[in-house]
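Side chains are part of it too, since the values below use all heavy atoms of this structure and drop only hydrogens, waters and symmetry mates. Naming convention: chains lettered A, B, ... in sequence-line order (proteins, then strands); numbering from 1 in each chain.
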Amino acid sequence: MIEIKNLSKHFGDVAAVQNVDLSVDEGEFVTILGPSGSGKTTLLTLIAGFEDPTSGEIFINGKNVNGLPTNKRNIGLVFQSYALFPHMTVFENVAFPLSVRRFSKEKIRTKVSEALEKVRLEAFSHRRIHELSGGQQQRVALARAFVFEPSILLLDEPMAALDRKLRQELQIELRELQRSLEITTIAVTHDQEEALTMSDRILILNHGSIEQYGKPQELYRQPANKFVASFLGSGNFFEGEMKIENGSERFICRNGEIIECSGSGLANHEKGLLMIRPEYIQLNSKRANAAGIPGVIKSFIYLGSSTRYLVEISDNEQVLVTDSSYDIRFQEGDEVVLSWDPKVNWFLKDNEEDKKDGIYENAI
Amino acid sequence: MKKRQTKRKRKFHPWQIFLSIFSVAVVLFLFLPIVIVIPMSFSSASSLQFPPPGFSLRWYESFFGNAAWMEAAKTSFIVSTSASIIALILGGFASYGLAKSDFRGKNLILGNFIAPMIIPTIITGVALYIVFAQIGILGSLPGLILGHTLLIVPYIVLITLPMFESFDKRIELAARSLGANWLMIVRRIIVPIIFPSLLASWLFAFIISFDELIVTIFLAGAYNTLPKKMFNELVLQINPTITAISTLLIALTAVFMIIVAFIMNKIAKSGTKINIGK
């Protein structure tokens with residue numbers, strides 16, 4: 001269990017981490033997700049104790065660890081580069097944390113072989129590190145980090161050095177292992193897919209501050225702001241204004257389109273953004289007389305699992321649509337109609353901060 | 001077509017021919033005077049002659065059978081072994097500190113450790129002579145060891161610094177996170193990993209100290225090291241025993257340098273292996 005209270009870290013004038021509050025439950029898997037320079041690695045460094053915070057407190061299992069050196073924090077850490085000891089065998093690497101804790105030889109042997117069994121490397125215990133593949137090295141690093149039953153497990157971009165296919169396999173494997181060990185885990189990554197796959201909760205960090213903290217589906221479906229919405233997947237954003245008459249909500253888009261909705265959270269006359277994920281939108285041919293917003297296919301990209309269409313709905317306004325049908329249903333220039341289930345409507349308040357970050361406009 | 005290509009390959013540019021001849025000449029110029037000593041040491045003649053008139057081991061016998069020579073050899077081994085071990089410890093920590101920190105004037109500190117290599121040895125000799133005389137360790141064995149230590153620390157620092165600088169700091173952090181304290185990290189992680197480079201720098205420093213003459217003349221007082229005794233002998237008379245000692249020193253140096261080259265080669269190769277995981 002980890003409790004972080006109002007934590008800040010400044011390097012000179014630069015605030016790498018600002019007023020972060022975070023609580024991680026026993027056995028939970030939390031991912032800190034953010035772009036590079038968001039302060040996610042600094043946050044991990046502070047929890048590990050490699051750096052001291054400028055202000056704020058960190059509690060591990062209810063104990064304030066401020067000022068406690070790393071080697072006394074009982075933390076299992078997996079580095080992006082694995083940082084295995086090159087002069088030791090797999091067995092010796094995994095045995096290291098036990099032998100510095102002065103476990104008996106007998107106990108070390110049983111614990112190491114248990115750990116190696118859990119990461120399916122029993123047969124490799126006498127190999128040298130450089131004789132292992134990247135994926136195997138990663139699993140050794142993992143075994144070494146949990147073999148001494150640390151209070152928490154910290155993972156710094158644990159999959160970054162692996163290729164995509166292996167990464168996807170290991171993500172699921174790591175998740176299952178973490179569940180079976182019931183060990184509280186904090187991982188840092190910039191890979192949104194990895195965060196969604198592995199985490200119980202995700203913390204989105206930007207410029208050193210928390211943008212949102214919640215379950216993956218909350219963050220994906222109900223992002224707190226445009227940054228979160230754009231960072232976790234892609235989205236279409238319609239600017240507009242809310243009109244509430246006799247309790248019925250109508251969102252008037254800038255292009256004049258009117259979207260009937262309810263429970264938007266916006267007040268009457270309040271400006272806002274309507275977010276729709278590309279895969280929630282259905283495309284129909286205009287000839288089928290379907291209801292919805294008319295548009296013209298500008299371009300499309302075939303992605304294998306789906307086809308991405310860029311649809312122009314008015315001058316300078318384009319919508320991204322993901323269609324996972326077998327066929328490539330439309331060609332450039334086809335007239336189409338866009339529609340979606342109203343429950344996928346998600347409204348964001350007009351936020352000046354988001355506009356400053358403007359780079360997150362959707363683009364095909 | 002194929003024939004033509006191979007022919008072209010074999011044809012050297014006149015400049016290349018000149019370069020090869022020049023290189024061979026340089027090597028001969030450097031090595032011939034040294035190599036010539038070896039056959040002369042097995043000579044049966046009582047004076048220095050080349051080519052030697054006959055084979056004998058009498059000059060080796062005269063070296064090993066002479067108590068004064070043996071005493072000098074013993075002093076040399078004591079001085080060089082102690083100085084190189086002290087220099088290895090001091091220089092090793094200096095390198096570790098320099099590699100890990102980043103501060104203003106770091107290069108100045110580095111310059112300080114390298115200085116004894118750059119300052120003319122005779123100046124170091126004179127300076128140490130004056131200081132040692134004042135503090136009363138001139139002509140003592142500890143004084144001599146101290147002088148040698150000063151001279152060979154630069155070699156230790158220069159060889160080990162790049163090794164410490166290229167040492168993956170995350171390995172140290174990982175060890176720390178796994179519960180190891182600083183002493184355990186030094187003993188069980190850092191030293192074993194950089195052991196080859198430590199050994200190479202120690203061998204190198206040992207040889208430099210073993211060959212040292214100038215500072216030794218200033219500081220040794222009544223003590224004789226091998227180079228000092230050889231020099232003194234040469235001043236008085238030309239004794240072929242010196243060729244036997246020279247041959248032994250050449251052999252010792254060659255063996256050490258081959259080991260150093262072998263280790264350095266190994267380090268260069270394993271360096272790429274260790275980095276595979278990144």
- Query: Where does A:Ser99 contact chain B at under 4.5 Å (heavy atoms): side chain, backbone, both or neither?
  - Reply: both
- Message: Less than 6.0 angstrom separating the ring centers of B:Phe210 and B:Phe77, yes or no?
- Response: yes
- Message: Quick check: do A:Asp191 and A:Met159 have side-chain heavy atoms less than 4.5 Å from each other?
- Response: no
- When you measure from the side chain of A:Asn93 to the backbone N and O of A:Phe85, does any donor-acceptor pair fall under 3.5 Å? yes
- Side chain / backbone / both / neither for A:Arg128 at chain B, heavy atoms under 4.5 Å: neither
- Portion of A:Ile129 that has a non-hydrogen atom of chain B nearer than 4.5 angstrom: neither
- Message: Donor-acceptor pair, distance only, cut-off 3.5 Å: does the side chain of A:Arg101 make one with the backbone of B:Leu178?
- Response: yes
- Contact part of A:Arg73 toward chain B, heavy-atom cut-off under 4.5 Å: side chain, backbone, both or neither? neither
